[in-house]
**Student:** 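Starting off with a structure, shown below.
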Amino acid sequence: MSGEPTFGDVEAARERLAGVARETPLYPSETFSRLAGRPVLLKAENLQRTGSFKIRGAYNTISTLGPEERRAGVVAASAGNHGQAVAWAARESGIAATVFMPEDAPMAKVEATRSYDGAVELVGESFEAAVAAAHEHVGRTGATLVHAFEDPRVVAGQGTIGLELAEQAADAETILVPIGGGGLAAGISLALRELRPRIRMVGVLCKPGLTIADGIAVKHRGELASAILDRTLDGTVEVSDEEISEALVLCVERTKLLVEGAGAVGLAALLAGRAGGSGPVAVVLSGGNIDATTLIPVLRHGLTRAGRFLAFRTLIPDRPGELRNVVDLVADGRGNVVAIDHRREGTTTTALQTEVEVVVATRDEAHCEELLEALRAAGYAVERLGPPA
């Protein structure tokens, strides 16, 4: 297949994916509906095989390969999710797969790709470096490149989500979908413009730079996807890591759906009031493959932003019982001390002082303020650390 995929290509992809990719559920969320002031539906692609939507495009592409292409195997460049999908689809099809990933790719995604029998090569610091290595591999071996988004077969496979949304979310006014290279949004919009031409399609981007949304952290949108999105999207919005973290924590806690950073960007845009429109909105949770070493600090940061953790610093006299006084004040206020760190060198104004940093589990922001006020009333000069400002 060359050129842009058609609606017929998306329908053909759905037939190939029958019994392979799951038709993922669409969940109504009371919590997000209340916060957004409108009905909110969550398209749970984080529950898809390999943990993200990528299996749709990868399998659709690999299933079209001829005998010679199958013998030469396939190669992919990936931040993680696409690599897992290609490795899984190749294994199921009985062919070899090599996946190039950035050196800093989350280990959960690297190990998952290997578990699907993919040969993983870590190269460079970016997705673009992995793409360059994949192209070089094609030149050496004749393997078929399964690109993450610059392939009409991949876009058509991702478009099957749009077919499902047209059936599951017939009353939705707006669809929020993550945009990295653009293949997911292009496929979904291609299908929905055919079946639900009046629906609003809004793409969600992460801010440039180091981000927890590694799945969409590409420098440039694909040319193929751009050609489709330029005529099908109603607009794009951008969200920060702070907003993504808050949305991710809320999603885990209230909906019990674990999503990765890229999977939470639509929720972040919704909570930030950037979705536009006022009617029902469907949010595509594109993946759930978050590394535990990323999840733990993200959860702690998100809980701190929500007032569920309080971190503060104060100076106390360096004598027996003073630290206990601080802890007792926290306990009397029904705070639960999570961590304490105290230093005698380099941070005090006299030799008779100790600096103490304390992290406390709290109920909410009002509880945080109550504890801080109690400490100040007792004569401690308290400096709050981290968000909220």
Side-chain angles (χ1 to χ4, degrees), residues 50-55 57-58 61-62 72-91 95-151 154-155 158 178-185 205-226 238 240-241 244 260-263 265 286-287 289-295 297-298:
T50 73
S52 85
F53 71 94
K54 292 286 190 176
I55 189 67
T61 301
I62 289 173
V74 295
V75 61
S78 171
N81 285 342
H82 179 62
Q84 292 178 66
V86 168
W88 184 90
R91 186 191 68 184
I95 62 179
T98 301
V99 180
F100 291 90
M101 293 182 173
E103 292 174 349
D104 293 331
M107 283 309 299
K109 297 182 179 182
V110 173
E111 291 304 320
T113 304
R114 288 174 175 155
S115 76
Y116 299 134
D117 296 338
V120 177
E121 300 285 345
L122 301 179
V123 293
E125 299 180 356
S126 65
F127 171 73
E128 287 72 23
V131 171
H135 279 291
E136 191 274 336
H137 182 85
V138 170
R140 283 190 294 105
T141 66
T144 296
L145 176 64
V146 183
H147 198 284
F149 45 84
E150 287 285 39
D151 189 313
V154 169
V155 173
Q158 323 305 26
I179 293 185
L184 172 64
L205 310 162
C206 62
K207 289 187 176 180
L210 186 63
T211 175
I212 62 171
D214 57 276
I216 57 173
V218 300
K219 292 182 179 179
H220 304 289
R221 189 192 302 174
E223 293 181 7
L224 173 62
S226 291
E238 191 174 74
S240 68
D241 263 25
I244 297 169
E260 59 191 277
V265 296
S286 57
N289 294 318
I290 186 168
D291 194 291
T293 58
T294 301
L295 177 62
V298 167

**Student:** Hey, does the side chain of S78 reach the backbone of G83 with a donor-acceptor pair shorter than 3.5 angstrom?
**Tutor:**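 At least one qualifying donor-acceptor pair exists.
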**Student:** What are the two closest heavy atoms between E238 and P208, and how far apart are they?
**Tutor:**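 Scanning both residues completely, I find the closest heavy atoms to be OE2-CD, 3.7 Å.
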**Student:** Rounded to the nearest 0.5 Å, what separates atom OG1 in T144 from atom CD1 in I62?
**Tutor:** 9.0 Å
**Student:** So, for A133 and V123, which heavy atoms are closest and what is the spacing to 0.1 Å?
**Tutor:**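 That closest heavy-atom pairing would be CB-CG2, 3.8 Å.
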**Student:** If the test is side-chain contact (heavy atoms from CB on, under 4.5 Å), which one of V138, D151, V86 qualifies with L145?
**Tutor:**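 Per the side-chain contact (heavy atoms from CB on, under 4.5 Å) rule, the option paired with L145 is V138, out of V138, D151, V86.
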**Student:** Just list the side-chain donor-acceptor pairs under 3.5 Å for residues 98-110, sequence neighbours left out, or say none.
**Tutor:**
unit_1 : atom_1 : unit_2 : atom_2 : d
K109   : NZ     : D214   : OD2    : 2.9
K109   : NZ     : E260   : OE1    : 2.8

**Student:** Please verify the inter-ring angle class for H147 with F127; under 30° counts as parallel, over 60° as perpendicular, anything in between as tilted.
**Tutor:**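 Perpendicular.
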**Student:** Just how far is it from atom OG1 of T211 to atom CG of L205, taken to the nearest 0.5 Å?
**Tutor:** 11.0 Å
**Student:** Could you tell me which non-hydrogen atom of T113 sits nearest to which non-hydrogen atom of A87, and how far apart they are?
**Tutor:** O-CB, 3.7 Å
**Student:** What's the spacing between I179 CD1 and S226 OG if we round to 0.5 Å?
**Tutor:** 8.5 Å
**Student:** If you take all heavy atoms of V75 and A143, which pair is closest and at what distance?
**Tutor:**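 Smallest heavy-atom distance, with atoms named: CG1-CB, 4.3 Å.
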**Student:** Where is the tightest heavy-atom contact between P297 and A292, given as atom of each residue plus distance?
**Tutor:** CD-O, 4.5 Å
**Student:** Counting only heavy atoms not in E223, do more than 12 sit closer than 6.0 Å to its CD atom?
**Tutor:**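 Check fails, neighbour count at 12 or below.
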**Student:** Within the 4.5 Å heavy-atom criterion, are V154 and V146 side-chain neighbours or not?
**Tutor:**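 Sidechains of V146 and V154: in contact.
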**Student:** What heavy-atom pair brings L184 and S286 nearest, and what distance separates the two atoms?
**Tutor:** CD2-CB, 3.9 Å
**Student:** Give, for atom NE2 of H82 and atom OG1 of T50, the distance between the pair rounded to the nearest 0.5 Å.
**Tutor:** 10.5 Å
**Student:** With sequence neighbours left out, which residue pairs that include part of residues 115-128 fulfil the side-chain hydrogen bond (donor to acceptor under 3.5 Å, both in side chains) condition?
**Tutor:** none
